[in-house]
Amino acid sequence: MTTADLILMADRIHTLAENGPWTPTALAVTGGTISALGDRSDARRWRGRDTEVIDLGDATITPGLVDGHAHPVMGIGLTRGVDLSSVRTLEGLKGTMKAAARNGGWVEGWGLDPNVFAGAPITHAPLVEALGPDVPVFLLLFDAHSALVSPRALELAGISGPRRFASGASVACGPDGTPTGHLLEIDALDLVRELLPDDDPADRRERLRDLMRRMAASGLTAANAMDFEGDSLELFRALEDEGDLPLRWRCAPFVMPGAGADGLDAVIAQQRLAGRRWRVEGAKFMIDGTVDGGTAWLEEPDSHGESTACFWPDPADYAVAVGKLAAHGIPIVTHAIGDAGIRFVLDTYAELPRTSAVPHRVEHLETMPSELVARLAALDVTASMQPTHCTHWTRADQSDNWSSRLGPDRAGRAFRARDLRDAGARLTLGSDWPIAPFDPRGIVAAARLRRPAGDAGVEPVLPEQALTARMALEGYTVAAAEAAGLGAVAGRLVPGRRADLTVFGMDPLRCDPDEFAEAPVRLTVVDGRIAYRGN
């Protein structure tokens, strides 16, 4: 072989190759590609005068971790104001509101859990109690599909009653037709969101740069951006003008109801956009909303009589739009949470031409009967799931808002990660940041534990759906590569493949999952170059 640029040595290298249990202890990288594997004694043969050699000691090297679902640019706009993710009661919400700093007169926050309302209607009453009626408030709920706003915010937006939208959005109103402050889905949220002060462009660049650095420090070497809206192109180009991004990105622009021929043509044109470590590849659709907000698409209504409709007013329009893009070789990504939504998406995918090496995929897959589990495997559709959606917001006793809306039967056939793997489906894992934290260590742990990492006293949710350690690691590596059509060049540590890898201070296949959630990240390497170096 030619002289290596980089040699890494560690007590364990999990190649995730299919040809046996051998665990090498040394790896060589040349020109961004893995050029050799062996033992520490082999490293002398690979070394040249300019080779960087790092012996990591009692560490574990794995293929680079890939987040299956994140919102980097949208997320830096969604995480404005007060972080409400730790608020658990109405008293806590009111206290946080009283202490909140104002942004140009507005009070903003994000991450609010609807379980704070303990099953009661979500209204702006606690905001009025804390701040009075005259302060404009915009609080994004944890799912980013709904918001709680104050009476003054409604007034400023000219919202005085119900509204009709092209999508499945709505303005929640009381029996007398007066808005309650609860806005459901993007088109309704935007009525108020467009009034908020703009972020400074330089601040947005710095926040995105910082996000990527922190993601690399958590062990991520790549991620899938499930949007490419607004200033995404300018931000990615600006950051890459300053140097290589610390991780790779695959971006899928949104396609919303009513996009029309011009909107679809624009998404087709966007597929040509790319940089050194980012590219646009795919199109992101939503067939429904969320169970928590009553906007999922279920085959039977939820306990509130809601979640009965498709996000697209005419589902046939979704099928037409998806068909046009797929005919141009564009891989389709669809957010589908409810059983009716998942069924319709799979029925639609079954009729699509397969003109790309990248398989179509379905995101979230929260509740579904067994025949749909089998269909995902049969259709070679990627199942993309976020384990912490289950472990952070549902409870084993089904007392949470999500479970109580679905009822015991549908809540009992939910977040079926293990069933999907056992059925032979391709399962990728991710965070949905900023909906949940992006750190893959905690997500891998949650996938194995079916409860939050570090909370041993919490009863696991549907523990039979737990993944093995290897399954969870494959969800961030092998399956992620195959989902991107890169199964031959990435996802495993074998000669000839990309030198994207992660180094942990603990062994993810052998250590306790609670401990792994806190495991030090020693190194992340992207394209053979060190993107993050820990202590």
Side-chain angles (χ1 to χ4, degrees), residues 16-18 63 66-69 222 224 226 250-252 255 271 279 281-287 315 318-387 413 415-430 447 465 467-468 470-492 497:
L16 299 188
E18 299 172 323
V66 180
D67 192 318
H69 186 124
N224 292 267
M226 293 301 173
R250 293 176 65 244
C251 306
V255 180
Q271 305 299 307
R279 70 186 187 278
E281 184 178 50
K284 168 72 182 302
F285 290 77
M286 294 197 305
I287 203 67
Y318 160 84
V320 170
V322 161
K324 176 175 179 176
L325 296 185
H328 281 80
I330 298 173
I332 306 301
V333 180
T334 305
H335 162 127
I337 280 178
D339 46 17
I342 297 167
R343 189 182 304 278
F344 186 83
V345 170
L346 293 181
D347 287 345
T348 303
Y349 283 3
E351 302 299 320
L352 294 181
R354 181 71 177 272
T355 57
S356 169
V358 182
H360 305 306
R361 55 193 287 161
V362 182
E363 305 296 317
H364 309 312
L365 298 155
E366 291 189 2
T367 180
M368 57 180 172
S370 295
E371 68 265 21
L372 297 185
V373 173
R375 284 199 77 195
L376 279 152
L379 292 172
D380 190 32
V381 171
T382 296
S384 173
M385 300 183 75
Q386 302 75 42
R413 62 187 193 205
F415 301 104
R416 301 180 69 171
R418 183 58 177 265
D419 287 344
L420 285 162
R421 275 300 305 256
D422 289 348
R426 183 188 309 105
L427 174 64
T428 68
L429 303 181
Q465 296 300 330
L467 299 179
T468 68
R470 184 175 177 107
M471 287 175 178
L473 183 58
E474 287 175 342
Y476 266 95
T477 54
V478 177
E482 293 172 349
L486 300 172
V489 299
R492 292 184 169 94
R497 299 206 180 193

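Because only heavy atoms are used, hydrogens play no part in the values below, and waters and symmetry mates are left out as well, while side chains stay in.
- Listed here is the closest heavy atom pair of Pro331 and Glu281: CG-CG, 4.1 Å.
- The aromatic rings of Tyr318 and Phe285 sit perpendicular, their planes meeting at an angle over 60°, well past the 30° parallel limit.
- For the pair Arg375/Asp347, a side-chain contact is recorded, criterion being any heavy-atom separation below 4.5 Å from C-beta on.
- Atoms CG and CD1, on Leu376 and Ile342 in that order, are 7.5 Å from each other to the nearest 0.5 Å.
- Val478 is not listed as a side-chain neighbour of Arg470, based on a closest heavy-atom distance of 4.5 Å or more.
- You'll find the side chain of Glu474 reaches within 4.5 Å of the side chain of Arg421, heavy atoms only.
- Annotation: ring-ring contact (aromatic ring centres under 6.0 Å, His included) contacts of His335 (sequence neighbours excluded): His145, His364.
- Note: Asp67 CG to Arg250 CZ = 12.5 Å, rounded to the nearest 0.5 Å.
- Residues Gly424 and Ala377 approach most closely at C-CB, 3.9 Å, considering heavy atoms.
- Side-chain contact check for Arg413 versus Ser370: every heavy-atom pair is 4.5 Å or farther apart.
- Here the OG1 atom belonging to Thr367 is positioned 8.5 Å from the CZ atom belonging to Arg416, to the nearest 0.5 angstrom.
- Separation of atoms OG1 (Thr428) and CG (Asn224) is listed at 7.0 Å; rounding is to 0.5 Å.
- Distance check: Leu427 CG to Leu429 CG gives 5.0 Å after rounding to the nearest 0.5 Å.
- Ile287 places none of its side-chain heavy atoms less than 4.5 Å from the side chain of Thr348.
- Between Lys284 and Glu363, no side-chain nitrogen of the basic residue sits less than 4.0 Å from a carboxylate oxygen of the acidic one, so the salt-bridge criterion is not met.
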> Under the side-chain contact (heavy atoms from CB on, under 4.5 Å) criterion, do Asp419 and Met368 qualify, and how do the steps go?
Replying inline: CA-CA 11 Å; Asp419 287 344; Met368 57 180 172; over 6 Å; no
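- Summarising the geometry, atom CG belonging to Leu467 is positioned 9.0 Å from atom CG belonging to Asp422; distances are rounded to the nearest 0.5 Å.
- The closest donor-acceptor contact from the side chain of Gln386 to the backbone of Gly430 lies at 3.5 Å or more, if one exists at all.
- Annotation: side chain of Arg426 is not in contact with side chain of Arg361 (no heavy-atom distance under 4.5 Å).
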